[in-house]
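All values below were derived from every heavy atom in this structure, side-chain atoms included, with hydrogens, water molecules and symmetry-related copies excluded.
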Amino acid sequence: MSTNPIRYCIWCGAAATADPATDGEDWRCEHCQRVTLGSPSEVTTQICPACQTAFPADAHYCQGCGTISAISPPSTLQTKYGLLPSPMQPMWPTKSWWQEDGEGLTAPPCPACGGRLRPDGAGSHEHIGYARPPWNAGWDGCCAACGQAVAVTIEQKTHFRAKRVVRMRPADSFHQTFIDEGMVFSGVRIQVEETQYGAKAPEVSEVFLSMGELMQLVRSLDTTAQPLLAQYDWSCDWT
């Protein structure tokens with residue numbers, strides 16, 4: 001029976017037997033593959049209330065006793081799915097580069113024909129770095145069975161030749177998080193095309209929103225942003 005002390009990964013909380021010969025050195029967790037610093041900087045540390053061990057301020061678990069951090073606790077997504085795309089908390093389900101458990105590999109049904117949007121399994125990966133992506137990686141936004149595009153178009157006629165057209169379609173955006181790390185946000189690209197009176201061509205603008213950001217905005221309309229629903233459009237006339 002080993003008498004070596006137990007240490008804990010600061011990112012996922014997994015326990016590991018400490019090696020006295022490497023005490024104070026950085027070590028990589030076998031569960032989540034992230035590095036736990038042996039001697040964290042005094043400038044960016046938090047103190048564990050249970051054992052008084054200093055560990056990084058953005059870490060989720062004390063490396064000395066495994067107590068959950070009160071400053072940066074793991075999110076529900078992390079504790080439920082083991083998501084660790086970065087030391088920070090994810091806003092949306094994320095399939096990590098080291099994870100291969102079948103999660104996120106099954107495509108949902110097409111809203112038009114009911115068939116699979118694309119074959120089950122990992123999608124295509126064309127970004128830098130090693131990854132084991134989910135079903136939607138590299139998806140063109142169309143159903144593989146019927147060809148129907150999963151997109152939304154809203155058109156508002158404001159006069160005979162004036163109008164606004166808003167289009168929302170699936171998209172992704174690569175985001176570098178560190179010198180050798182990155183993640184791909186899956187979400188929507190929203191295009192606004194506005195044709196005003198006398199204009200020779202419409203004005204076009206685009207913005208990308210991740211699904212986590214989009215849903216945060218939608219949910220806010222029921223809480224902090226609810227007053228926005230009481231707003232009115234209004235017309236002008238200068239004849």
J.: Would you say CD1 of Ile128 has more than 12 non-hydrogen atoms from neighbouring residues, nucleotides or ligands within 6.0 angstrom?
T.: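 Atom CD1 in Ile128 is not packed in, count stays at 12 or less.
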J.: Please step through side chain to side chain contact (heavy atoms under 4.5 Å, CB included) for the pair Ile154 and Met168, ending with a clear verdict.
T.: CA-CA 9 Å; Ile154 302 168; Met168 183 177 72; over 6 Å; no
J.: Side chain of Thr153, backbone of Val165: donor and acceptor closer than 3.5 Å?
T.: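 Flag not set: sc Thr153 to bb Val165 has no pair under 3.5 Å.
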J.: Tell me, do Pro119 and Trp135 make a side-chain contact under 4.5 Å, heavy atoms counted?
T.: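 Sidechains of Trp135 and Pro119: no contact.
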J.: Is it true that atom CD of Glu155 has more than 12 heavy atoms of other residues, nucleotides or ligands lying nearer than 6.0 Å?
T.: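 Buried by this count: over 12 neighbours within 6.0 Å.
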J.: Could you please spell out the steps behind the side chain to side chain contact (heavy atoms under 4.5 Å, CB included) verdict for Thr195 and Arg161?
T.: CA-CA 8 Å; Thr195 305; Arg161 295 183 180 178; 6.0 Å; no
J.: Is it the case that over 12 heavy atoms from other parts of the model lie below 6.0 angstrom from the CD atom of Gln52?
T.: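 Yes, enclosed.
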J.: First locate atom CD1 of Ile71, then atom OG1 of Thr45, and finally report the distance between them rounded to the nearest 0.5 Å.
T.: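 Going from CD1 on Ile71 over to OG1 on Thr45, the span is 9.0 Å.
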J.: Could you give the distance from OG (Ser69) to NE2 (His60), rounded to the nearest 0.5 Å?
T.: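 The distance works out to 8.5 Å.
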J.: Looking at every heavy atom in both Gly141 and Pro170, which two are closest together, and how far apart are they?
T.: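 That closest heavy-atom pairing would be CA-CG, 4.0 Å.
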J.: Do Trp11 and Cys29 make a side-chain contact, defined as non-hydrogen atoms from C-beta onward lying under 4.5 Å apart?
T.: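 A side-chain contact is absent here, since even the closest heavy-atom pair is not under 4.5 Å.
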J.: Taking the side chain as every heavy atom from C-beta outward, state whether Tyr197 and His159 have any pair of such atoms under 4.5 Å apart.
T.: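 Contact flag for Tyr197/His159 side chains = no.
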J.: Do Leu209 and Leu217 come close enough that some side-chain heavy atom pair is under 4.5 Å?
T.: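 The answer is yes; the side chains approach within 4.5 Å.
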J.: In Å, rounded to the nearest 0.5 Å, how long is the span from CG of Leu105 to CG of Asn136?
T.: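 These two atoms lie 10.0 Å from each other.
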J.: Over all heavy atoms of both residues, which pair between Pro74 and Tyr61 is shortest? Give the atoms and the distance, please.
T.: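 In terms of heavy atoms, the two residues are closest at CG-OH, 3.4 Å.
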J.: Distance check, rounded to the nearest 0.5 Å: Ile6 atom CD1 versus Gln63 atom CD?
T.: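 Here the interatomic distance stands at 14.0 Å.
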J.: For residues Arg118 and Ala107, report the shortest heavy-atom separation together with the two atoms involved.
T.: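 Reported closest heavy-atom pair: O-CB, 3.3 Å.
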J.: Same cluster or not: Leu214 versus Trp92, using hydrophobic residues (I, L, V, M, F, W, Y) connected whenever any side-chain heavy atoms lie under 4.5 Å apart?
T.: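 Same cluster: Leu214 reaches Trp92 through Ile, Leu, Val, Met, Phe, Trp or Tyr contacts under 4.5 Å.
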J.: How about Glu203: does its CD atom have over 12 heavy atoms from other parts shown lying under 6.0 Å from it?
T.: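 Not buried by this count: 12 neighbours or fewer within 6.0 Å.
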J.: Measuring from atom CG of Asp140 to atom CG of Leu117, what distance do you get when rounded to the nearest 0.5 angstrom?
T.: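 Answer rounded to 0.5 Å: 10.0 Å.
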J.: Please answer whether the main-chain N or O of Ala59 pairs with a side-chain N or O of Ser72 as donor and acceptor at a distance below 3.5 Å.
T.: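 Confirmed, Ser72 side chain pairs with Ala59 backbone.
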J.: Say whether Val152 and Met215 are linked into one hydrophobic cluster, either directly or through other cluster members, by side-chain heavy-atom distances under 4.5 angstrom.
T.: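 They do share one cluster, since a chain of ILVMFWY contacts under 4.5 Å joins Val152 to Met215.
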J.: Minimum heavy-atom separation for Asp172 and Val184, please, with both atom names.
T.: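 The answer is CB-CG1, 3.7 Å.
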J.: Find the distance between CZ (Phe55) and CD (Gln46) and round it off to the nearest 0.5 Å.
T.: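 Separation between the atoms: 3.5 Å.
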J.: In terms of ring plane angle, is the pair His175 and Phe185 parallel, tilted or perpendicular, where the classes change at 30° and 60°?
T.: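 Tilted.
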J.: What is the minimum heavy-atom distance between Cys143 and Cys146, and which atoms define it?
T.: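 Nearest pair, atom of Cys143 first, then Cys146: SG-N, 3.4 Å.
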J.: Do you know the tightest heavy-atom contact between Arg132 and Lys95?
T.: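 Reported closest heavy-atom pair: O-NZ, 3.1 Å.
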J.: Test of understanding: with ring-ring contact (aromatic ring centres under 6.0 Å, His included), list the residues that count as partners of Phe208, not counting sequence neighbours.
T.: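 For Phe208 there are no ring-ring contact (aromatic ring centres under 6.0 Å, His included) partners, ignoring immediate neighbours.
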J.: Taking salt bridge (Lys or Arg N to Asp or Glu O under 4.0 Å) as the definition, give me every residue that meets it alongside Glu194, ordered by chain and number, with sequence neighbours left out.
T.: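 Only Arg164 meet the salt bridge (Lys or Arg N to Asp or Glu O under 4.0 Å) criterion with Glu194.
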J.: Would you kindly confirm whether Val188 and Val207 end up in one hydrophobic cluster when ILVMFWY residues are joined by side chain heavy atoms under 4.5 Å apart?
T.: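 Per the 4.5 Å side-chain linkage, Val188 and Val207 are co-clustered.
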J.: What's the verdict on side chain to side chain contact (heavy atoms under 4.5 Å, CB included) for Thr36 and Arg7, showing C-alpha distance, side-chain angles and the deciding distance?
T.: CA-CA 10 Å; Thr36 291; Arg7 60 185 174 187; over 6 Å; no
